[in-house]
Amino acid sequence: MTCRLQKGFFTVALFSLVLSVSAMASILSPDPRRHVIADPRSGMALFGYDPVSYHSEMRAIVGKKAFELMDSGLVWRFDSDANRAVFAADPEAYIPRFGGHDGERMGAGVLVIGDPELFLMVSGEVVFFRNAENRQKFADDADLRLKATEIWPEVVRQQAAH
């Protein structure tokens with residue numbers, strides 16, 4: 001009986017250790033999909049906008065209910081079945097930079113939800129902004145773009161710790 005209790009204890013302890021290491025790994029290398037802007041009521045990523053359309057059409061297009069995909073706990077909508085398939089093959093290529101948070105505010109280390117209709121393509125990535133002024137500041141300031149990119153992982157880690 002004592003041996004069985006000890007074995008059970010060590011199994012539980014080992015399982016707890018694995019969970020702790022997994023949690024630490026997600027904090028140390030954050031998954032950008034865990035920090036994507038979404039409708040808090042529906043879990044709709046990017047408030048229903050098609051993430052592929054920014055790249056293929058160079059514009060914001062609201063996705064259709066008929067073309068949904070569940071990924072990383074969020075519902076993603078697409079304008080077409082083709083866009084859904086492209087996203088499913090490589091989600092990270094289509095997730096907006098900073099998870100859709102305002103790029104200019106990210107430069108100050110602040111998470112502010114961006115507007116899916118106010119975006120800018122920067123080095124092949126979509127960046128959202130809260131307003132046109134923030135978009136212009138980000139477009140004009142290479143140092144701000146670099147700073148936002150550098151501090152993004154730390155902001156995500158701090159957010160995950162709360």
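Only heavy atoms go into these numbers, but all of them, side chains included; no hydrogens, no water, no symmetry mates.
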Is any side-chain heavy atom of Tyr49 closer than 4.5 Å to a side-chain heavy atom of Glu117? yes
With Gln159 via side chain to side chain donor-acceptor pair (under 3.5 Å) - residues at least two apart: none
Would you say Asp102's side chain and Arg130's backbone share a donor-acceptor pair under 3.5 angstrom? yes
Between Glu150 and Lys147, is there a side-chain N and carboxylate O pair less than 4.0 Å apart? no
Is the ring centre of Phe87 less than 6.0 Å from the ring centre of Phe67? no
Using a 4.5 Å cut-off on heavy atoms from C-beta on, say whether the side chain of Val126 contacts that of Arg97. no
Closest heavy-atom pair and its distance - Pro51, Tyr94: CB-O, 3.4 Å
Contact summary for Pro96 and Phe128, nearest pair of heavy atoms: CG-CZ, 3.8 Å
Inter-residue atom distance Asn131.CG - Arg105.CZ, 0.5 Å rounding: 9.5 Å
With rounding to the nearest 0.5 Å, note down the distance linking CG in Leu120 to CD in Gln136. 8.5 Å
Output yes when a side-chain donor or acceptor of Ser53 lies under 3.5 Å from a complementary backbone atom of Ala60, and no otherwise. no
Heavy-atom closest pair, residues Ala38 and Leu74: CB-CD2, 3.8 Å
Any side-chain heavy atom of Arg145 sitting closer than 4.5 Å to one from Val122? yes
For Lys64, all residues meeting side chain to side chain donor-acceptor pair (under 3.5 Å), sequence neighbours excluded: Asp79
Taking all non-hydrogen atoms of both residues into account, name the closest pair between Trp152 and Met106 and its distance. CE3-CE, 3.5 Å
Kindly indicate whether the side chain of Arg77, heavy atoms from C-beta on, has any atom under 4.5 Å from the side chain of Lys65. yes
Does anything in residues 35-56 form a salt bridge (Lys or Arg N to Asp or Glu O under 4.0 Å)? List the pairs, not counting sequence neighbours. Asp39-Arg41
Measure the shortest side-chain to side-chain distance between His101 and Ile37 over non-hydrogen atoms and say whether it is less than 4.5 angstrom. yes
I want to check something: taking the side chain as every heavy atom from C-beta on, are Phe47 and Ser42 in contact at a cut-off of under 4.5 Å? no
Provide the closest heavy-atom pair for Arg59 versus Phe119 in the form atom of the first, atom of the second, distance. CA-CZ, 3.7 Å
Can Val62 be reached from Tyr54 by stepping across I, L, V, M, F, W or Y side chains whose heavy atoms are under 4.5 Å apart? yes
Pick out which of Val52, Asn83, Asp71 makes a side-chain contact (heavy atoms from CB on, under 4.5 Å) with Trp76. Asp71
Minimum-distance pair of heavy atoms, taken over all atoms of Ala89 and Pro91: C-CD, 4.0 Å
